[in-house]
Number of protein chains: 2
Amino acid sequence: MPKMSDVARLAGVSTATVSRVLRNPDAVKTGTKEKVLEAIHQLNYQPNMLARHFRRTETKTILVLVPNIINTVFAEIVGGIEEQASKNGYRVLLRNTARKLEREYGSIEHLKQRQVDGMIMLSPQLDEATLNEISSQFPIVLATANLETPKIPFVSIDNVSSSYKATEHLIRLGHKKVGHITGPMDSLLSRHRNEGYRKALGDYGLDIDEQLVRRGHFSYESGFEQMMDMLGQNHVPTAVFAPSDEMAIGIINAAKEHQLRVPEDLAVVGFDNIRFASMFNPSLTTIAQPLFKMGQRSMELLLKKLNGESISQTEHLLPDELIIRDSCGARKKGKLLHN
Amino acid sequence: MPKMSDVARLAGVSTATVSRVLRNPDAVKTGTKEKVLEAIHQLNYQPNMLARHFRRTETKTILVLVPNIINTVFAEIVGGIEEQASKNGYRVLLRNTARKLEREYGSIEHLKQRQVDGMIMLSPQLDEATLNEISSQFPIVLATANLETPKIPFVSIDNVSSSYKATEHLIRLGHKKVGHITGPMDSLLSRHRNEGYRKALGDYGLDIDEQLVRRGHFSYESGFEQMMDMLGQNHVPTAVFAPSDEMAIGIINAAKEHQLRVPEDLAVVGFDNIRFASMFNPSLTTIAQPLFKMGQRSMELLLKKLNGESISQTEHLLPDELIIRDSCGARKKGKLLHN
DNA sequence: TCCAACAATGTAATCGATTACATTTAGTGT
DNA sequence: ACACTAAATGTAATCGATTACATTGTTGGA
């Protein structure tokens, strides 16, 4: 494996000049440059990246922390990040936290040791104080995370307004008893989606019936179980808003177990617009998050930080969209009733 | 940021000793070791990994090449790889090839430049000669890939026997007209699944009706379209084997479009046992691949290579399983008809 | 023609951990 | 107590690219 000094010798110049040809070509005369490039070509020289990274204290690598890579929502964001990263000469280190707090802490070590230049955290669980602390020392960006007091750049959608929109849609279809199964309430994201739901009911003069609000945790299972339980009572909703598509599917399957037709007997709106939302039966009305774009944007922001550019805003809310399909009952034989 | 020489000074020893305490503690007297550890603690010293990696020409990082991270099948394998890697002090670099051959070639550069210690390729598209060439120079392992002439360790399931099993299951349920929509035929994996299907029909004395065999490419869309087309003909199967669950769902939806009931009018068996297989309606009978385990195993094999251990076998076929649910008609009211 | 000013190139120190080799210390057997 | 081996520690070179600073070359203007 030839090194820079070999190239220098062959080209009859110093290593400094070779280095300049590589990293700052304008500082070298054309003739010299050609000699060097020719030597590089002849020897098939590749710079030793480990040496470069060591010397420059940079890695051209970023860390992406994912709660669970198997979740398509995260996988899609990671896809966006990776695309934008590799387009800009950065590599992506993937780390699964399995939602364990200690693994999030562990990643800080990685930054401290300069093993990566920056980090993007998807749905971090660390508290804001800790996150701010990290952010003051290292370039980080958050994705799918909202902050109470935003000091760190983050990319998200407006979870309150999107949930409002979803709930409103059900209300405008004539539903008075709109239920909601929440995500885990220690997550601000879940609280926001809950807030949007409540706001919509309030704005339309509907009382919030706490019996129709259950706590879940985004999963199919929690949607199914909570809905089974709710339908076991004699007090039952005619529509439900779920903060994830998986949950919505669980809810629909629970309804089917109870011989209810969806959307006729129970209208359902989900969240995320995962790939299967359109394949399911009935196809899911849902809020589409621009996941891939969110990933790209997160990386763009991180790149700015890495290049020392200032980021004016911290909140980066991308537009979401209510996608109307069959699970809400707004479409009859391909025709839309409203919206 | 304190460095090793700072620790050495504080502990009153040489850097060599500090280095030994860190990497080869048995070579240092207990007393000295304690002094050094105390100094490390006092200074909150963290070794500079970039320096270490440079000096040792190793990165403790492996590259994982994925055709498409958004595909849950790959995401799950990556999950297994990541788990096993981080357990062993390795980090995982993720690279999406987007099924582009040039990106697979690009990854070889990464290896050449010693930016990673090894690589795991998921469903590589490179030809075997090229793969062998890479493998002779660098530690690599393949996952979800079968090889015609196996010289490189790879982890897979036996795609022929699993497809045989799936098809046989349909035949034993009484079906004579069993169709198949294939994956892309430039992939050995697809050809193997096709082979298993044909073998089963042959073994049970059924002729292969080429009108019932269509070419697709694993996707929902291709399943839907091919099935729509097939059902448009007057020559129609009573059962279909699909080489992916996504495709199976597409097939079922196409059947529904044609007012066919599944499994009564058309029995369907899928492949992969993705998360949604059990949530779909009807729930999918499918071949379960141990994806997470396949990821783990791939990493285990790579670790062996990285540690210079010899790997006796190249073929590592993990057990798959036929999961019987509702889409094949073998279960009636919770009871199994056979198997 | 000569010198100032700048461009181009070279010299050598540097990044921080590792490790071959040298030296010192401890331990063993007679 | 002595010689000798083994254990413990130290010294200093090394990995390869980068870059501050030094030196040489070039150009334009008087």
Side-chain angles (χ1 to χ4, degrees), chain A residues 1-40 43-61 89 109-117, chain B residues 1-41 43-61 89 91 109-117:
Chain A
M1 184 115 308
K3 46 176 131 167
M4 193 172 269
S5 55
D6 299 326
V7 175
R9 191 166 340 105
L10 182 60
V13 299
S14 71
T15 60
T17 299
V18 177
S19 180
R20 278 187 278 258
V21 168
L22 259 33
R23 316 207 80 258
N24 184 17
D26 296 340
V28 183
K29 253 207 296 193
T30 319
T32 322
K33 205 176 336 192
E34 277 164 5
K35 274 192 300 182
V36 171
L37 290 173
E38 172 58 21
I40 286 176
L43 296 171
N44 189 23
Y45 165 76
Q46 311 255 75
N48 179 325
M49 287 302 178
L50 296 179
R52 173 181 288 179
H53 291 159
F54 165 51
R55 180 55 224 248
R56 311 196 74 218
T57 344
E58 72 170 20
T59 60
K60 287 286 173 183
T61 305
E109 294 307 299
H110 233 73
L111 284 162
K112 278 193 189 151
Q113 295 172 188
R114 314 255 159 231
Q115 297 221 59
V116 289
D117 298 345
Chain B
M1 185 114 307
K3 46 177 132 164
M4 193 172 267
S5 56
D6 298 325
V7 175
R9 191 164 341 104
L10 182 61
V13 299
S14 72
T15 59
T17 300
V18 177
S19 180
R20 278 188 278 257
V21 168
L22 260 32
R23 316 208 77 259
N24 184 18
D26 295 340
V28 182
K29 253 205 298 191
T30 319
T32 322
K33 205 178 334 193
E34 277 164 6
K35 275 192 301 181
V36 171
L37 290 173
E38 172 59 20
I40 286 176
H41 181 74
L43 295 171
N44 189 24
Y45 165 76
Q46 312 253 74
N48 180 324
M49 287 302 179
L50 296 178
R52 172 181 290 178
H53 292 158
F54 165 51
R55 180 56 226 248
R56 312 196 72 219
T57 346
E58 71 172 19
T59 60
K60 287 286 173 183
T61 305
R91 310 177 301 166
E109 294 308 299
H110 233 73
L111 284 162
K112 278 193 188 150
Q113 295 173 186
R114 314 259 159 225
Q115 297 221 58
V116 290
D117 298 344

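The chains referred to below are lettered A, B, ... by the order of the sequence lines, with proteins before strands, and numbering in each begins at 1.
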Any side-chain heavy-atom pair from [X] and [Y] closer than 4.5 angstrom?
| X | Y | value |
| --- | --- | --- |
| L50(B) | T59(A) | yes |
| Y45(B) | V36(B) | no |
| R23(A) | R52(A) | yes |

Nucleotide nearest [X] when distance is taken to its side chain, options [options]:
| X | options | value |
| --- | --- | --- |
| T32(B) | dG16(C), dA17(C), dA8(D) | dA8(D) |
| R55(A) | dT9(C), dG16(D), dT9(D) | dG16(D) |
| K3(B) | dG16(C), dT19(C), dT19(D) | dG16(C) |

Could you check whether [X] gets within reach of a base, just the sugar-phosphate, or nothing at all, counting any heavy atom under 4.0 Å?
| X | result |
| --- | --- |
| V18(B) | nothing |
| T17(B) | sugar-phosphate |
| G12(B) | sugar-phosphate |

- Query: Side chain of R23(B), base of dT18(C): donor and acceptor closer than 3.5 Å?
  - Reply: no

Starting at [atom1] of [X] and ending at [atom2] of [N], how long is that distance when rounded to a whole Å?
| X | N | atom1 | atom2 | result |
| --- | --- | --- | --- | --- |
| N24(A) | dA20(D) | CG | P | 12 Å |
| L50(B) | dA17(D) | CG | C1' | 13 Å |
| F54(A) | dT14(D) | CZ | C1' | 11 Å |
| Q115(A) | dG16(C) | CD | P | 15 Å |
| D26(B) | dA7(D) | CG | P | 12 Å |
| R52(B) | dT14(D) | CZ | P | 22 Å |
| H53(B) | dT19(C) | NE2 | P | 13 Å |
| M4(A) | dT11(C) | CE | C1' | 15 Å |

- Message: Heavy-atom nearest nucleotide on DNA chain D for A51(B) versus S14(B): which residue maps closer to 5'?
- Response: S14(B)

- Task: For R20(B) and for T15(A), find the nucleotide of DNA chain D with the closest heavy atom, then tell me which residue's nucleotide is more 5'.
- Result: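 Looking at DNA chain D, the more 5' nearest nucleotide goes with R20(B).
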
- Considering just the side-chain nitrogens and oxygens of R56(B), establish if one lies under 4.0 Å of OP1 or OP2 belonging to dC15(D).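 No, R56(B) has no side-chain N/O under 4.0 Å of OP1/OP2 on dC15(D).
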
- Message: Can you tell me if Y45(A) touches the phosphate of dA17(D), counting only side-chain N or O atoms and a distance under 4.0 Å to OP1 or OP2?
- Response: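 Looking at the OP1 and OP2 atoms of dA17(D), one of them is under 4.0 Å from a side-chain N or O of Y45(A).
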
- Message: Working note: F54(A) + H53(B), criterion side-chain contact (heavy atoms from CB on, under 4.5 Å); need CA distance, chi angles, decisive distance, verdict.
- Response: CA-CA 8 Å; F54(A) 165 51; H53(B) 292 158; over 6 Å; no

- Go through the side-chain N and O atoms of E109(B) and Q46(A) and say whether any donor and acceptor fall under 3.5 Å apart. yes

